[in-house]
Visitor: 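Sharing a structure below in structure tokens format, with a few things to ask.
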Amino acid sequence: MSVPGRVVMVTGAARGIGAAIARAFAREGARLALLDVEAAALDKLVREVTERGTEALGLRCDVTAPAEVREAVATVTGRWARIDVLVNNAGGFSVIRRTEEIPEDEWDSILRFNLTSMFLCAKAVLPIMKGQRAGRIVNMSSVAGRAGAVTVASHYAAAKAGVLGFTRHLAREVAAEGITVNAVAPGTVGTERWKALRSPEESRRLAEGVPVRRVSEPAEIAECVMFLASDAAAYITGATLDVNGGLVMM
């Protein structure tokens, strides 16, 4: 599966890693369906890539809401009649708390945002990919789901570990139908959200704790997603690509 002309659906596309992924696929000539709840930022990104000649569709979509996901997928297929790549990127957390301080509703919402959303989006696109006998699904996990190497919150770590289990199971389930399913597990990425959660001193200290002595850029994660969506990765499925500067080696 080559990238030019392929229809790529990216969730959480408006900012950070998602926006970097959108720009990378746009550069290579893909057609983009970009999903996010942040309408203004999403519209800005769609204008940016379309001005450079990319066919792009911006869809305001809460990926934790099944009906909205189904509607978004229907809109994409209504325009292009196919979906070749799904990048399940939406996720994150806003506050670092100890486990005993996490409200039960926050636990539920973080798991739904980071894990259930991927199930909902995969469920919606799988019939299309099966009909095509081809497809790529790339799920965004985290080093926090691989090992306790970074300070996050337990609900986020649990959700991102769940992404890895979901990825492996789904990969085996759909492999014979021409669909690959893989995960990317970034370490510390210098997104706007990451910087907002930490002081400059904390950011510096965390960067020094990475063997390569820096945090990654969103564009570096995007290139890994591009690889897993490409023909070069046709024989890779059920795998997790660790992109963490040597923070965790497995």
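Computed from a prediction, not measured in an experiment: that's the story for all the values here.
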Visitor: What closest approach, in Å, do Val69 and Cys121 show between heavy atoms, and which atom pair accounts for it?
Guide: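 Heavy atoms of Val69 and Cys121 come nearest at CG1-CA, 3.9 Å.
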Visitor: How far apart are the closest heavy atoms of Ala234 and Thr180, and which atoms are they?
Guide: O-CG2, 3.9 Å
Visitor: Flag yes if Val37 and Val76 sit in one hydrophobic cluster, no otherwise; membership is Ile, Leu, Val, Met, Phe, Trp, Tyr, and two members link when side-chain heavy atoms are under 4.5 Å apart.
Guide: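 No.
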Visitor: Answer with yes or no whether the hydrophobic clustering places Leu164 together with Phe166; edges join I, L, V, M, F, W, Y residues whose side-chain heavy atoms lie under 4.5 Å apart.
Guide: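 Per the 4.5 Å side-chain linkage, Leu164 and Phe166 are not co-clustered.
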Visitor: Measuring only between side-chain heavy atoms, which start at C-beta, is Met140 closer than 4.5 Å to Ile21?
Guide: yes
Visitor: Does Arg172 CZ have over 12 foreign heavy atoms under 6.0 Å away?
Guide: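 Result for CZ/Arg172: open.
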Visitor: Flag the pair Glu101 and Arg98 as a salt bridge only when some basic side-chain nitrogen lies within less than 4.0 angstrom of an acidic carboxylate oxygen.
Guide: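 Salt bridge flag = no for Arg98 with Glu101.
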Visitor: Taking all non-hydrogen atoms of both residues into account, name the closest pair between Val163 and Ser141 and its distance.
Guide: CG1-CB, 4.0 Å
Visitor: Any side-chain to backbone donor/acceptor pair from Asn114 onto Tyr156? Under 3.5 Å, distance only.
Guide: no
Visitor: Under the 3.5 angstrom rule, does the side chain of Asp84 hit a backbone N or O of Val8 as a donor-acceptor pair?
Guide: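 Flag not set: sc Asp84 to bb Val8 has no pair under 3.5 Å.
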Visitor: Please answer whether the main-chain N or O of Asp62 pairs with a side-chain N or O of Glu68 as donor and acceptor at a distance below 3.5 Å.
Guide: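 Confirmed, Glu68 side chain pairs with Asp62 backbone.
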Visitor: Taking Asn139's backbone N and O only, do any of them form a donor-acceptor pair with Asn88's side chain (distance below 3.5 Å, no angle check)?
Guide: no
Visitor: Can you find a pair of side-chain heavy atoms, one from Met9 and one from Val125, that are under 4.5 Å apart?
Guide: yes
Visitor: Between Asp36 (side chain) and Ala13 (backbone), is there a donor-acceptor pair under 3.5 Å?
Guide: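 Indeed, once roles are kept as given, a pair shorter than 3.5 Å links the two residues.
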Visitor: Tell me if a side-chain donor or acceptor on Glu28 pairs with a main-chain N or O of Phe25 at a distance below 3.5 Å.
Guide: no
Visitor: Measure from the side-chain N and O atoms of Ser117 to the backbone N and O of Phe113, and report whether any donor-acceptor pair falls under 3.5 Å.
Guide: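 Confirmed, Ser117 side chain pairs with Phe113 backbone.
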Visitor: Less than 4.5 Å apart, any side-chain heavy atom of Asn182 and any of Ile236?
Guide: yes
Visitor: Do you know which two heavy atoms are closest between Cys224 and Val243, and how far apart they sit?
Guide: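 Heavy-atom minimum between the residues: SG-CG2, 3.6 Å.
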Visitor: Could you check if a side-chain atom of Arg112 sits within less than 4.5 angstrom of a side-chain atom of Leu120, using non-hydrogen atoms only?
Guide: yes
Visitor: Measure the shortest side-chain to side-chain distance between Val152 and Ile96 over non-hydrogen atoms and say whether it is less than 4.5 angstrom.
Guide: no
Visitor: So do the side chains of Leu34 and Leu59 get within less than 4.5 Å of each other, counting heavy atoms only?
Guide: no
Visitor: Mark yes or no for whether Lys130, through its side chain, and Gly135, through its backbone, hold a donor-acceptor pair below 3.5 Å.
Guide: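 Between the backbone of Gly135 and the side chain of Lys130 there is no qualifying donor-acceptor contact (under 3.5 Å).
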Visitor: Between Glu48 and Arg23, does any side-chain N to carboxylate O distance fall below 4.0 Å?
Guide: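 So Glu48 pairs with Arg23 through a salt bridge.
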Visitor: Are any of the side-chain nitrogens in Arg27 or Glu223 under 4.0 Å away from the carboxylate oxygens of its partner?
Guide: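 Looking at Glu223 together with Arg27, the answer is yes, because their closest N to O distance falls below 4.0 Å.
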Visitor: Can you tell whether the side chains of Glu51 and Arg47 come within less than 4.0 Å, N to carboxylate O?
Guide: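 Not counted as a salt bridge, because no side-chain N and carboxylate O are separated by less than 4.0 Å.
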Visitor: Are Asn89 and Thr11 linked by a side-chain donor-acceptor pair shorter than 3.5 Å?
Guide: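 No pair is found: no donor N or O on one side chain lies under 3.5 Å from an acceptor on the other.
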Visitor: Could Arg213 and Glu208 be called an ion pair, given the rule that one side-chain N must be under 4.0 Å from one carboxylate O?
Guide: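 Answer for the salt bridge query: no.
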Visitor: Distance-only, no hydrogens or angles: does the Ser230 side chain make a donor-acceptor pair with backbone N or O of Ala232 under 3.5 Å?
Guide: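 Pair found, side chain donor or acceptor close to backbone of Ala232.
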Visitor: Are Thr99 and Ser154 close enough that a side-chain donor and a side-chain acceptor fall under 3.5 Å?
Guide: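 A pair is found: one side chain offers a donor N or O, the other an acceptor, under 3.5 Å apart.
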Visitor: Between the main-chain N or O of Ala134 and the side-chain N or O of Gln132, is there a donor-acceptor pair closer than 3.5 Å?
Guide: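 At least one qualifying donor-acceptor pair exists.
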Visitor: Compare all side-chain heavy atoms of Val138 with those of Val184 and state whether any distance is below 4.5 angstrom.
Guide: yes
Visitor: For the pair Lys44 and Glu38, find out whether any cationic side-chain nitrogen is under 4.0 Å from an anionic carboxylate oxygen.
Guide: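 Here Lys44 does not pair with Glu38 in a salt bridge, since their nearest N and O are not under 4.0 Å apart.
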Visitor: Less than 4.0 angstrom from a charged side-chain N to a carboxylate O is my criterion; do Asp242 and Arg146 meet it?
Guide: yes
